[in-house]
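Below is one structure, written out as structure tokens; the observations come after it.
Predicted, not measured: the structure shown is a model, and the values here were computed from it.
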Amino acid sequence: MQSASTRSQEQLRGLSRPFFETLAKLGFGGMAWYVALSLGSALSGNLAAICLVPLVAPNQSMPSGLGWLLRGEPDMQALAFVIASAVFALLRWQAARVGTRLASRYGMYLRQTVHARRIDAPLSSLSDATSAEIAHVLTYNVEIVTQGFNALLQLLVAAMTTMVCLAMALWLSPALLLAMPLVVGFALVASRINGREQATVSRQYVADLTRLFWMSEDFPRRWRHIRSFGREDAEKAHYADISQRLGNGYRHQLDLIATGRLVLEMLAALGIAAIFFIANRWHGVDRAALIAVCLLLARLLPYLVSTRQNFQQLRTSIPAFQLWLRHVGVAAAVPAAAIPPMVLREALHIRQLRLDAPTPLDLRELTLVPGELTLVCGDSGIGKSSLIDVLAGMTAPAQFHARMGERAVDFSTYAALVSKGAYVSQSVRPWQTTVRECLRWAAPEAADAAMLQALADVGLDKRLADTSSALDTTLSSSSSRLSGGELQRLLLAQVLLHRPAIALLDEATSALDPDAELSVLAALKRRLPQTIVIVVSHRAGVAAVADQCLAISAGCATVTATDARATGTAAVL
């Protein structure tokens with residue numbers, strides 16, 4: 001059985017290539033500039049430390065090549081220290097700015113890439129992940145990877161600073177080579193202390209924070225649920241328990257960080273004392289060089305403290321990067337056939353449509369006519385939404401035979417015919433901030449008059465009449481927040497402005513009362529004479545405005561013409 005370290009090494013090797021491919025998108029010029037600035041910062045910082053030697057030990061000679069620091073007056077020596085420190089500060093500031101820009105661009109690339117791949121992916125790929133996972137990978141997961149990238153930049157700076165400090169220390173005092181095994185041993189001890197415990201505490205902290213997030217989601221609805229059951233005290237106790245675990249976890253993490261810092265500082269003190277001890281035992285060691293070396297090594301203390309935290313952040317980002325890769329690796333959907341839009345102007349007769357998964361369904365003899373409304377009804381989980389996905393051209397069925405006039409139509413052609421469609425479900429919430437932005441998203445060229453007419457058709461005109469500007473009403477303000485039914489009306493106004501070839505409403509009127517539902521659907525039929533309207537609803541009353549009803553039940557489904565289409569026929573699945 002492979003050890004955990006071996007699996008971790010193989011995991012890192014497998015991720016190295018895709019990680020460097022993401023870095024290539026940033027351009028290696030920016031990375032090279034960051035490395036150059038960090039290297040210059042390390043050199044100037046070490047030079048500033050060495051410039052302190054003649055100030056703290058003026059009677060000591062300097063190592064070869066640094067005697068020029070003793071030739072000037074103390075004022076000039078102080079000026080040299082100030083200049084070196086200023087150059088160090090400026091280079092470090094500029095390097096930090098470049099690193100911030102790199103991390104920002106890296107996060108933007110990750111977000112835009114995974115979102116674009118998900119938008120272009122086929123609908124079937126969404127069934128492999130929960131909506132919570134997809135929301136996570138589009139938001140917080142990318143933030144974790146970006147933090148890992150930033151930690152990598154910090155580790156790069158720490159590594160360069162360490163190499164420069166050690167190189168200059170060995171140049172000033174070659175005898176310190178004898179202390180190198182001791183320094184390496186201290187570093188290994190510091191890297192092992194509390195490492196596993198800190199990783200365990202961090203994972204538990206994230207898990208508790210996730211529980212608290214889900215417990216706080218959609219608080220108004222949860223409040224009603226709690227109050228109706230009279231479970232306020234139990235809810236408070238549960239929340240207090242999670243909050244206490246979070247507080248203890250946060251305290252534990254800070255304690256571990258403080259302990260690690262203490263150990264590092266103690267080891268650093270022991271290391272410097274050991275260097276002095278070796279120097280005193282080794283004759284011929286220049287005391288000025290020894291002072292300079294100690295100042296150089298003291299510069300590494302802040303990096304030693306932050307390095308363990310950066311390594312922990314980097315380890316945390318590895319599973320997040322793997323999740324990002326899995327969602328980015330989704331293949332794009334096959335583009336529909338190149339057929340001009342808005343050509344579906346005559347009846348489309350589907351002779352057979354068969355689904356094998358997730359719910360088996362075999363539909364025969366369904367006629368879709370522009371300007372007519374088809375009601376789809378049936379029990380929950382019977383396959384209504386799966387059928388709507390096929391009729392929207394988003395999911396390919398196992399078998400599809402149709403014709404339009406005398407012309408045979410395969411599914412790819414059908415998908416192209418309905419490509420300019422409108423799909424609205426009951427759970428969609430607009431992300432726009434105003435009514436105008438929401439409507440313009442659906443119809444960018446729509447005039448104000450057309451938008452106001454669409455709002456009137458869906459019955460929102462009276463609701464927005466009290467505001468100073470109906471179209472500029474905000475959707476998130478407490479004084480103008482729309483209810484669930486009003487949001488559904490707003491989305492249906494989008495459909496009216498978009499004027500699609502096919503409109504598929506999957507429980508899109510569920511929040512309306514029955515009379516309002518019939519009124520809005522009648523307005524859709526009246527305003528969209530060239531649009532096929534398909535409505536999924538559990539209310540039998542919708543049949544009053546439907547031209548045909550497609551009822552799905554276990555084992556069979558029936559297409560029945562209503563009074564609105566007296567010439568229709570019935571077909572049995």
Problem set entry | Whether Phe321 and Trp324 hold their rings parallel, tilted or perpendicular, with breakpoints at 30° and 60° | parallel

Problem set entry | With sequence neighbours excluded, residues passing side-chain contact (heavy atoms from CB on, under 4.5 Å) with His115 | Ile119, Leu138

Exercise. Distance only, no hydrogens: is a donor on one side chain within 3.5 Å (strictly under) of an acceptor on the other, for His327 and Arg117?
Worked result: no

For this session: With sequence neighbours left out, write down each residue that passes salt bridge (Lys or Arg N to Asp or Glu O under 4.0 Å) with Glu143, or none if nothing qualifies.
Result: Arg111

For this session: Please identify each residue that fulfils side-chain contact (heavy atoms from CB on, under 4.5 Å) with Val98, with sequence neighbours left out.
Result: Trp33, Tyr34, Leu37, Gln94, Arg101, Leu102

Exercise. If every non-hydrogen atom of Leu512 is compared with every non-hydrogen atom of Val520, which pair is closest and at what distance?
Worked result: CD1-CG2, 4.1 Å

Exercise. Distance-only, no hydrogens or angles: does the Glu437 side chain make a donor-acceptor pair with backbone N or O of Thr433 under 3.5 Å?
Worked result: yes

Seminar exercise, completed: Residues at least two apart in sequence or cross-chain that pass ring pair (Phe, Tyr, Trp, His ring centres under 6.0 Å) with Phe400, listed by chain then number, are Phe411, Tyr414

For this session: Among residues two or more places apart or on two chains, list those pairs meeting salt bridge (charged side-chain N to carboxylate O under 4.0 Å, His left out) that have a residue in residues 502-524.
Result: Glu517-Arg539

Exercise. Is there a donor-acceptor contact under 3.5 Å linking the side chains of Thr146 and Tyr106?
Worked result: no

Exercise. Can you tell which of Val542, Leu391, Val536 makes a side chain to side chain contact (heavy atoms under 4.5 Å, CB included) with Val376?
Worked result: Val536

Problem set entry | Heavy-atom donor-acceptor pair, Arg499 side chain to Thr531 backbone, under 3.5 Å | no

Exercise. Does a donor on one side chain and an acceptor on the other come within less than 3.5 Å for Asp410 and Thr413?
Worked result: yes

For this session: Provide the full list of side-chain hydrogen bond (donor to acceptor under 3.5 Å, both in side chains) pairs with a residue in residues 485-496, sequence neighbours left out, each pair given once.
Result: Arg463-Glu486, Ser483-Glu486, Gln488-Ser510

Seminar exercise, completed: All heavy atoms of Ala493 vs all of Leu455, minimum pair found to be CB-CD2, 4.3 Å

For this session: May I ask you to test the Leu353-Val390 pair for a side-chain heavy-atom distance under 4.5 Å?
Result: yes

Seminar exercise, completed: Looking only at heavy atoms, the pair that brings Ala320 and Asn141 closest together is O-ND2, 2.9 Å

Exercise. Does any pair with a residue in residues 376-399 pass ring pair (Phe, Tyr, Trp, His ring centres under 6.0 Å), and if so which ones, sequence neighbours excluded?
Worked result: none

For this session: With sequence neighbours excluded, tell me which residues meet side-chain contact (heavy atoms from CB on, under 4.5 Å) with His498.
Result: Lys420, Ala422, Pro500

Exercise. Does Leu373 offer a backbone N or O that forms a donor-acceptor pair with the side chain of Asp547 under 3.5 Å?
Worked result: yes

Exercise. Taking only residues two or more places apart in sequence, or in another chain, which ones meet Asp448 in a salt bridge (Lys or Arg N to Asp or Glu O under 4.0 Å)?
Worked result: Arg436, Arg440

Problem set entry | salt bridge (Lys or Arg N to Asp or Glu O under 4.0 Å) against Glu21, all qualifying residues, sequence neighbours excluded | Arg17

Problem set entry | side-chain contact (heavy atoms from CB on, under 4.5 Å) partners of Leu487, counting only residues at least two apart | Arg429, Pro430, Leu482

For this session: Enumerate the residue pairs fulfilling side-chain hydrogen bond (donor to acceptor under 3.5 Å, both in side chains) with a member in residues 390-400, sequence neighbours excluded, ordered by first and then second residue.
Result: Gln352-Gln399, Arg354-Gln399, Gln399-His401

Exercise. Which heavy atom in Ala511 sits nearest to a heavy atom in Gly484, and how many Å separate them?
Worked result: CB-C, 3.9 Å

Seminar exercise, completed: Exactly one of His349, Arg351, Glu372 clears side-chain hydrogen bond (donor to acceptor under 3.5 Å, both in side chains) with Thr367, and that residue is His349

Exercise. Can Lys384 and Asp379 be counted as an ion pair, charged N to O under 4.0 angstrom?
Worked result: no

